[in-house]
Chemist: 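One structure coming up, written as structure tokens, with questions to follow.
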There are 2 protein chains.
Amino acid sequence: MKNGISLKELASKLNLAPSTVSRALNDSYEISEATKKKVISMAEHLNYQPNPFARSLRENKSKTIAVIIPERINNFFAQVIDGIESITSEHGYHLLVYSTHEDVEKEKKIVSLLQNGRADAIVMSVSSQTSDISHLKNLYDRGLPILFFDRVCGEIPTTKFITNDYESAFEGTRHLIQQGCKRIAFLMLSKELSITRERYRGYLDALKKEGIEADSNLSICCSHQDEENIQLIKALLQSSDRPDGILASVEKLALSTYHAVKKNNLSIPDDLKVISFSNMSIPNLLNPSLTTITQPAEAIGQECAKILIKKLTKPRQPDLPNEVISLPSQLTIRESTLVR
Amino acid sequence: MKNGISLKELASKLNLAPSTVSRALNDSYEISEATKKKVISMAEHLNYQPNPFARSLRENKSKTIAVIIPERINNFFAQVIDGIESITSEHGYHLLVYSTHEDVEKEKKIVSLLQNGRADAIVMSVSSQTSDISHLKNLYDRGLPILFFDRVCGEIPTTKFITNDYESAFEGTRHLIQQGCKRIAFLMLSKELSITRERYRGYLDALKKEGIEADSNLSICCSHQDEENIQLIKALLQSSDRPDGILASVEKLALSTYHAVKKNNLSIPDDLKVISFSNMSIPNLLNPSLTTITQPAEAIGQECAKILIKKLTKPRQPDLPNEVISLPSQLTIRESTLVR
DNA sequence: TTGTAGGCGTTATCAT
DNA sequence: ATGATAACGCCTACAA
């Protein structure tokens with residue numbers, strides 16, 4: 001395929017030096033209004049498009065941001081990316097999007113592909129398998145701006161955007177207790193994840209505060225195989241001292257719970273109340289409708305992007321500060337936790 | 001941020017000429033095994049990473065594919081991208097992902113950003129607003145390989161991947177009729193879309209074949225504002241000659257139907273049977289579970305990617321052939337269309 | 001088999 | 001205000 005016209009060609013059409021044309025197009029101050037106009041109109045006429053790679057090579061920046069997420073088929077991550085894009089596209093940045101599929105090895109490969117300057121920065125949420133973080137440290141040490149959201153990596157001193165995981169889990173658990181639950185199970189994806197730890201803390205503290213003893217048999221570590229999880233939860237619900245409430249730290253585990261309950265001939269909320277962190281679009285079309293803790297996903301994406309754009313576009317910005325910024329989630333009570 | 005070491009630096013560490021090092025790393029035949037090994041081991045030791053922009057500039061290809069979709073918060077598109085990525089990543093390609101948010105103007109902007117070679121090819125599904133296609137024609141005329149999936153653009157002579165829209169809609173409609181529906185409504189996003197036209201044809205032909213007269217009042221063109229659609233469908237369901245069956249050509253319209261039904265105190269499937277094209281992960285957790293026509297989304301993505309990779313990696317490939325390739329959808333009957 | 005040199009398309013520096 | 005030149009990092013004729 002033939003790319004468009006080059007700066008040099010454009011210059012020769014105008015009988016000008018390439019540098020002059022460049023200045024005109026880049027709105028330099030050392031250029032006459034007259035030639036600037038001439039150049040711009042000719043550039044438009046010939047539909048001149050600067051070659052991004054020549055520019056990247058010259059300026060050592062790519063105008064590209066890499067986004068790494070654990071999975072695409074997940075509204076939360078899709079919303080975050082929408083949020084990021086809404087800001088970055090305004091500033092002429094492009095988004096390379098990678099999914100790790102919850103696989104650390106894939107994550108490492110992706111990260112290593114980004115060591116060569118292809119992206120000016122990285123926004124990511126780590127995979128549930130990620131415990132060794134040397135690959136991320138590596139990137140950080142090279143000076144590439146990294147920014148975490150949701151599933152953050154505490155060991156890397158950079159900016160992280162999360163929701164109020166602890167408080168939300170605390171409130172969610174308290175809500176279950178207020179609805180009469182005595183034995184509340186906590187479903188998690190992986191013990192390594194930052195969100196697991198914080199949400200679990202909130203869960204434990206709520207139990208404690210309400211004088212309920214935590215039962216370690218009710219802390220369930222699931223896999224990312226839905227079928228396995230359904231079996232696991234089904235077994236849990238068949239045990240003699242089965243839980244009467246469930247806090248799912250991620251959406252898919254709530255859905256697996258619904259499936260497991262169906263197979264067990266139990267009833268939500270009569271036999272089991274369920275609350276979940278979830279950004280699904282139709283919690284109210286489930287049967288019963290699902291009580292959710294919804295993260296401000298799009299806002300998280302936007303905030304990530306804003307801070308990044310500032311860092312990337314303003315001259316001599318300091319490194320991204322090592323801080324955790326929390327945007328509050330929203331608890332919406334629906335039928336799955338109601339007494340009837 | 002400091003990028004890694006350059007080829008030139010690597011060469012000087014080895015007391016070799018840059019060209020020699022380049023040859024060693026690119027596995028040229030005109031190089032001795034000995035130096036090749038030396039170079040490679042040193043390159044690994046120093047973690048040499050070629051600068052992608054220098055390479056792109058030199059070779060006039062970016063190793064990047066742009067994917068343009070109408071929305072991210074949609075399992076179908078997420079699955080397609082997963083499918084694309086599964087193939088392209090194996091070949092060292094990166095994915096720039098753009099969402100038009102169903103907005104032609106955004107689509108035009110995105111497309112114009114891709115005129116400068118930033119991507120080696122485009123895989124896209126057009127926005128529901130797209131009727132003027134000059135921006136796409138433009139791209140095509142520049143010789144940039146474009147490939148459409150799902151919502152294709154017939155006017156552009158290139159390869160398109162779709163599902164068997166006509167047949168699926170035909171079967172879906174017939175299924176509704178077999179379940180006793182006499183007045184079946186067809187919900188669409190936009191009359192312009194290729195998928196709308198094909199699915200509508202299938203719907204009409206099924207009616208005809210079963211001897212049911214089509215009623216133009218039952219062809220409902222919705223917007224992409226969920227709330228509006230719910231109102232629209234609610235009104236439809238309140239009319240005296242309301243439909244007793246609905247074929248939703250896209251998932252979100254089935255969901256709006258569920259919402260509308262809830263507000264109307266009607267019952268699915270007793271008062272209204274619903275079938276929908278949908279790739280949602282939990283059709284069986286809806287109340288009632290939703291009868292779906294599910295597209296082979298991931299396979300579509302993979303096929304797109306395969307044909308593209310072939311085109312991009314093999315020397316002097318012909319243009320992408322002007323053909324429509326159809327992968328069959330799957331009809332899964334659930335409660336929303338059952339007689340009880 | 002290895003080295004030298006030129007150019008991909010920009011932009012910044014220096015000279016005019 | 002404009003032009004000439006060099007450089008970003010890589011690859012590939014061409015020369016040795």
Side-chain angles (χ1 to χ4, degrees), chain A residues 1-40 42-43 46-64 92 115-120 142 315, chain B residues 1-40 42-43 46-64 92 115-120 142 315:
Chain A
M1 100 133 207
K2 48 175 180 301
N3 262 341
I5 190 177
S6 78
L7 187 75
K8 217 191 283 184
E9 291 165 316
L10 179 57
S12 81
K13 297 249 185 219
L14 285 157
N15 281 326
L16 286 172
S19 51
T20 309
V21 175
S22 174
R23 276 187 281 249
L25 294 174
N26 290 301
D27 209 28
S28 164
Y29 57 96
E30 44 179 5
I31 190 89
S32 78
E33 275 305 315
T35 48
K36 193 198 278 189
K37 268 191 186 159
K38 240 190 319 190
V39 169
I40 289 177
M42 180 65 99
L46 296 178
N47 190 27
Y48 165 73
Q49 307 275 12
N51 180 310
F53 304 118
R55 199 173 253 178
S56 290
L57 180 58
R58 182 64 229 257
E59 312 209 312
N60 204 31
K61 42 183 160 168
S62 61
K63 282 283 198 174
T64 299
Q115 295 203 344
N116 56 15
R118 191 176 280 272
D120 293 339
R142 297 175 73 92
Chain B
M1 99 134 210
K2 47 176 181 301
N3 263 339
I5 189 176
S6 78
L7 188 72
K8 214 192 285 182
E9 291 165 317
L10 179 58
S12 80
K13 298 248 186 217
L14 286 157
N15 281 326
L16 286 172
S19 53
T20 310
V21 175
S22 172
R23 278 186 280 249
L25 293 174
N26 290 302
D27 210 28
S28 163
Y29 58 96
E30 45 179 2
I31 189 88
S32 78
E33 274 306 315
T35 48
K36 192 198 277 189
K37 267 191 186 158
K38 243 192 316 194
V39 168
I40 290 178
M42 179 65 98
L46 296 179
N47 190 27
Y48 165 73
Q49 306 274 13
N51 180 309
F53 304 118
R55 199 173 254 178
S56 291
L57 181 58
R58 180 64 227 261
E59 311 211 313
N60 204 31
K61 42 183 159 167
S62 62
K63 281 283 197 174
T64 299
Q115 295 203 345
N116 57 14
R118 190 177 280 271
D120 294 339
R142 297 175 71 91

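Within every chain, numbering begins at 1; the chains are lettered A, B, ... in the order of the sequence lines, protein sequences first and strands thereafter. Keep in mind it's a predicted model, so treat the numbers as computed, not measured.
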Chemist: With a 4.0 Å heavy-atom cut-off, tell me which residues in residues 14-25 of chain A come close to DNA chain C, sorted by residue number.
Modeler: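 The stretch gives Ser19(A), Ser22(A), Arg23(A) as the residues lying under 4.0 Å from the strand, ordered by number.
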Chemist: Is Ser6(A) close to Asn51(A) at the side-chain level, that is, under 4.5 Å between some pair of heavy atoms?
Modeler: no
Chemist: Once rounded to the nearest 0.5 Å, what's the spacing between atom CG of Asn116(B) and atom CZ of Arg142(B)?
Modeler: 8.0 Å
Chemist: Does a sphere of radius 6.0 Å around NZ in Lys38(B) hold more than 12 heavy atoms from other residues, nucleotides or ligands, not counting ones at 6.0 Å or beyond?
Modeler: no
Chemist: Does anything in residues 6-15 of chain B pair up under salt bridge (Lys or Arg N to Asp or Glu O under 4.0 Å), and if so which pairs, sequence neighbours excluded?
Modeler: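 The answer is none; no pair qualifies.
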Chemist: For DNA chain C, what residues of residues 28-35 of chain A have any heavy atom nearer than 4.0 Å?
Modeler: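 Contacts with DNA chain C under 4.0 Å: none.
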Chemist: Identify, with sequence neighbours excluded, every residue that meets salt bridge (Lys or Arg N to Asp or Glu O under 4.0 Å) alongside Lys36(A).
Modeler: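 Listed in chain order: Asp27(A), Glu33(A).
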Chemist: Just the atom pairs and distances: protein N or O near nucleotides 6-9 of chain D's N or O, under 3.5 Å.
Modeler:
{"residue": "dG9(D)", "atom": "N2", "partner": "Ala54(B)", "partner atom": "O", "Å": "3.4"}

Chemist: May I ask you to test the Leu25(B)-Leu10(B) pair for a side-chain heavy-atom distance under 4.5 Å?
Modeler: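 Side-chain contact under 4.5 Å: yes.
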Chemist: Holding to salt bridge (Lys or Arg N to Asp or Glu O under 4.0 Å), I want the full list of residues that pass it with Arg55(B), two or more places apart in sequence or in another chain.
Modeler: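 Arg55(B) satisfies salt bridge (Lys or Arg N to Asp or Glu O under 4.0 Å) with no residue once adjacent residues are dropped.
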Chemist: Does a side-chain heavy-atom distance below 4.5 Å link Val21(B) with Met42(B)?
Modeler: no
Chemist: At what distance, to the nearest 0.5 angstrom, does CG of Asp120(B) lie from OG of Ser56(B)?
Modeler: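 Output value for this atom pair is 7.5 Å.
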Chemist: For the atom pair CG (Leu16(B)) and CG (Leu7(B)), what is the distance rounded to the nearest 0.5 Å?
Modeler: 10.5 Å
